[in-house]
Protein chains: 2
Amino acid sequence: MSTKSSPRAPARPRAAAPNRRERAIDLRAAGSAAAPTFKPIHTRRTFEEICERIREQLALGVLKPGDKLPAERELAQQLGVSRNVLREALRSLEMAGVLKLQKGVKGGAFIQQGDTRRMNEVMRDMLSLGTISVGELSEARVHVLDLVVRLACANARRADLDALEANIARTELATKEGRLLDRVECSREFYKLLAASTGNKVIAMIVDSVTEIHMRFVYAKVASSGVAMARLAEKRRQFLAALSDRNVTLASRLLRAHLESVQRMLEQDPGAMSLHVALADVQPGMRR
Amino acid sequence: MSTKSSPRAPARPRAAAPNRRERAIDLRAAGSAAAPTFKPIHTRRTFEEICERIREQLALGVLKPGDKLPAERELAQQLGVSRNVLREALRSLEMAGVLKLQKGVKGGAFIQQGDTRRMNEVMRDMLSLGTISVGELSEARVHVLDLVVRLACANARRADLDALEANIARTELATKEGRLLDRVECSREFYKLLAASTGNKVIAMIVDSVTEIHMRFVYAKVASSGVAMARLAEKRRQFLAALSDRNVTLASRLLRAHLESVQRMLEQDPGAMSLHVALADVQPGMRR
DNA sequence: TCCATTGAATGGGTGATCCATTTAATAATC
DNA sequence: GATTATTAAATGGATCACCCATTCAATGGA
């Protein structure tokens, strides 16, 4: 990093050693009259600095999707850090969906197109950690989907409607062939397509993050009980018709009614509603 | 990992070496009749496996916020991996807000209460990478805030309204004293409080992620031009009065009008609207 | 012309070693 | 006895020197 020039300097001059007591606090407290808290600081570690720099280059537009970072060994030398700590930074950025690391000659660290699934992971973590509840998630989903319906009625294009139609056909086929779990996958895709038809990727991202988790519960329920929503494709067609007619009121009412009936189905058997089951039970299309 | 037992086994038996060609593909293609794509696989790396296991323990409820993981050296041994690769995993989880690493004896890796700011980072990355646009973000913000107003009218409690009132007082003071940038901070807090008054943390998280970025633009604009929204506190009070009266229509109209006027202010000077400036220009309260 | 071989670049992973910080136990001082 | 330095151990932070596996272009033989 910038704080290190000689490659073999043993001591890394870290952010202001917090060894001196009273005097230091006095000095800083004098700086701003109304700042009684002194917690943060949180000595910067090199990998954080590296992450930040790369993100800075991204925000500045110096780095763009598709670009390749220098090879690990070279970049480590340029930054004056060990390869290991550089890798910690690259790893973090990879997990964040910013980078993709590829092996082999001609491999390297490539800036990615943003991965919208990352928001799903955030939601999952928040749920796992108990920061948010299933109830809040469900409620948010209902409200956001209501918003989506209104926007979709206003903005959905022919291609969007066709995609939804094709999705319903797949749902129908899965139902006919008894592939109930595939049908759950179709449902998730349905909401994804619906959200996409708003033409707003931010909203689409939000919807998918919230839908992904919801569908895990549905999946767990269907897998354990074998019970599934009746007349699903039919209801979808009614909804799509309303959407095609740009009938906001009807479309909104139909979707809301459907969401409520699904909720009732889920709540029938609280045992299958276990957070742990739903979050742990991954399936092909639902892995992160 | 489970795939390694001897501590000095040189070759790590990674996921099925993809060396054999036709035969392997034939075999797998025979498995599912309608699966023509063979891209994924993406050989699992140990750090991914570690992250997944820890997240699994979280989802299962075995690990809870406040818990401490074994020390790096010990955990690495338990998992049968090197300390370096374990650290890559812990780093990633720390960046994800799942863990916090603390130094010193009695230090270690502690499971955190979920950090809702992580969603902000996702939004920022998506914007930096060009996956979403400022326009989509603004649009989403307007719609989500409209939803928030409706929910807040229904659910806001006395304490929420008091907090908003106190925030407006701070805004007023900052205006009086000419601290325009502090006032921007107040604005961000206002929306945070408003979102919190819905009683739904999922929605609050979404609002804040979208507000944080918006406020960066406002901040950059105010900092560069010295121009600031007129009669801000007054407008806020009118809005709060409507909210207190549970007058959804009026509150919604007032907020919408305000958002539009802010938008006009921002668009006056497209030069100050640079994405790069806004994203790079961090400020005390707005750092990640 | 085509296919196998080779070799270099690159990410993936390991183990040993050191540093800096933190805390508790201990010793020294008042 | 209470307070204050000192010490020692545990822990994360970081480095170095290797080695392996994968990939792909260059090479060379059939």
Side-chain angles (χ1 to χ4, degrees), chain A residues 1 3-4 6-22 41-51 68-77 79-95 99-110, chain B residues 1 3-22 41-51 68-77 79-94 99-110:
Chain A
M1 313 306 323
T3 54
K4 185 178 180 185
S6 154
R8 198 42 183 128
R12 169 173 298 279
R14 197 54 73 239
N19 281 356
R20 52 279 198 295
R21 293 285 154 67
E22 350 64 34
I41 296 192
H42 179 246
T43 46
R44 267 262 265 284
R45 291 160 296 179
T46 51
F47 91 98
E48 289 178 298
E49 184 112 17
I50 297 173
C51 283
K68 190 176 103 166
L69 262 46
E72 288 184 357
R73 292 163 175 84
E74 188 190 344
L75 186 52
Q77 197 176 18
L79 293 169
V81 301
S82 76
R83 204 185 142 206
N84 282 334
V85 76
L86 172 64
R87 298 185 92 234
E88 289 178 10
L90 296 181
R91 277 286 127 82
S92 299
L93 290 172
E94 188 184 24
M95 292 306 268
L99 293 180
K100 171 97 175 286
L101 303 186
Q102 277 175 329
K103 289 214 302 195
V105 57
K106 294 293 169 190
F110 296 87
Chain B
M1 312 306 319
T3 54
K4 186 178 178 185
S5 51
S6 154
R8 198 42 181 128
R12 169 174 299 279
R14 197 52 76 244
N19 281 355
R20 51 281 199 293
R21 293 282 154 66
E22 351 63 35
I41 296 190
H42 180 248
T43 48
R44 266 264 266 282
R45 290 161 297 180
T46 51
F47 90 97
E48 288 179 297
E49 184 112 18
I50 297 172
C51 283
K68 190 176 104 168
L69 263 46
E72 288 185 357
R73 291 164 176 83
E74 188 189 344
L75 186 52
Q77 199 177 16
L79 292 170
V81 300
S82 76
R83 207 184 141 205
N84 282 328
V85 75
L86 171 65
R87 300 186 91 235
E88 289 178 8
L90 295 181
R91 277 285 127 82
S92 298
L93 290 172
E94 189 184 23
L99 293 180
K100 171 97 176 285
L101 303 186
Q102 277 175 330
K103 290 213 303 196
V105 57
K106 293 292 169 190
F110 295 87

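By convention in this document, chain letters (A, B, ...) are assigned in the order of the sequence lines, proteins followed by strands, and residues within each chain are numbered from 1.
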- Between B:Leu99 (CG) and D:dG12 (P), how many Å, whole number? 11 Å
- Query: Does A:Lys103 use its side chain to pair, donor to acceptor, with the backbone of A:Gly108 at less than 3.5 Å?
  - Reply: no
- Do A:Glu88 and B:Arg87 have side-chain heavy atoms sitting under 4.5 Å apart? yes
- Residues forming a side-chain contact (heavy atoms from CB on, under 4.5 Å) with A:Gln77, sequence neighbours excluded: none
- Message: If I compare all heavy atoms of A:Leu86 with all of A:Ala76, which pair ends up nearest, and what's the gap?
- Response: CD2-N, 3.5 Å
- Length of the CG-C1' vector between B:Leu75 and D:dG12, whole Å: 13 Å
- Message: Nearest whole Å is fine: how far is D:dG13 P from A:Arg44 CZ?
- Response: 15 Å
- Atom CG of B:Leu86 to atom C1' of D:dA14: distance rounded to whole Å? 15 Å
- Task: Output the single nucleotide from D:dT15, C:dG15, D:dA14 whose closest atom is nearest the side chain of B:Ser82.
- Result: C:dG15
- Message: Could you tell me how far apart A:Phe110 (CZ) and D:dT23 (P) are, to the nearest whole angstrom?
- Response: 13 Å
- Interatomic distance where CD1 belongs to A:Ile50 and C1' belongs to D:dA14 [whole Å]: 11 Å
- Determine whether B:Leu99 and B:Arg91 make a side-chain contact, defined as any pair of heavy atoms from C-beta on separated by less than 4.5 Å. no
- Message: What is the separation between atom CD on B:Glu94 and atom C1' on D:dG12, rounded to the nearest whole Å?
- Response: 10 Å
- Compare all side-chain heavy atoms of B:Leu90 with those of B:Leu69 and state whether any distance is below 4.5 angstrom. yes
- Message: Treating primed atoms plus P, OP1 and OP2 as sugar-phosphate and everything else as base, which nucleotides of nucleotides 6-11 of chain C get B, S or - for protein heavy atoms under 4.0 Å?
- Response: ---BBB
- Task: Check the distance between C:dG12's P and B:Glu49's CD and give it to me in whole angstrom.
- Result: 15 Å
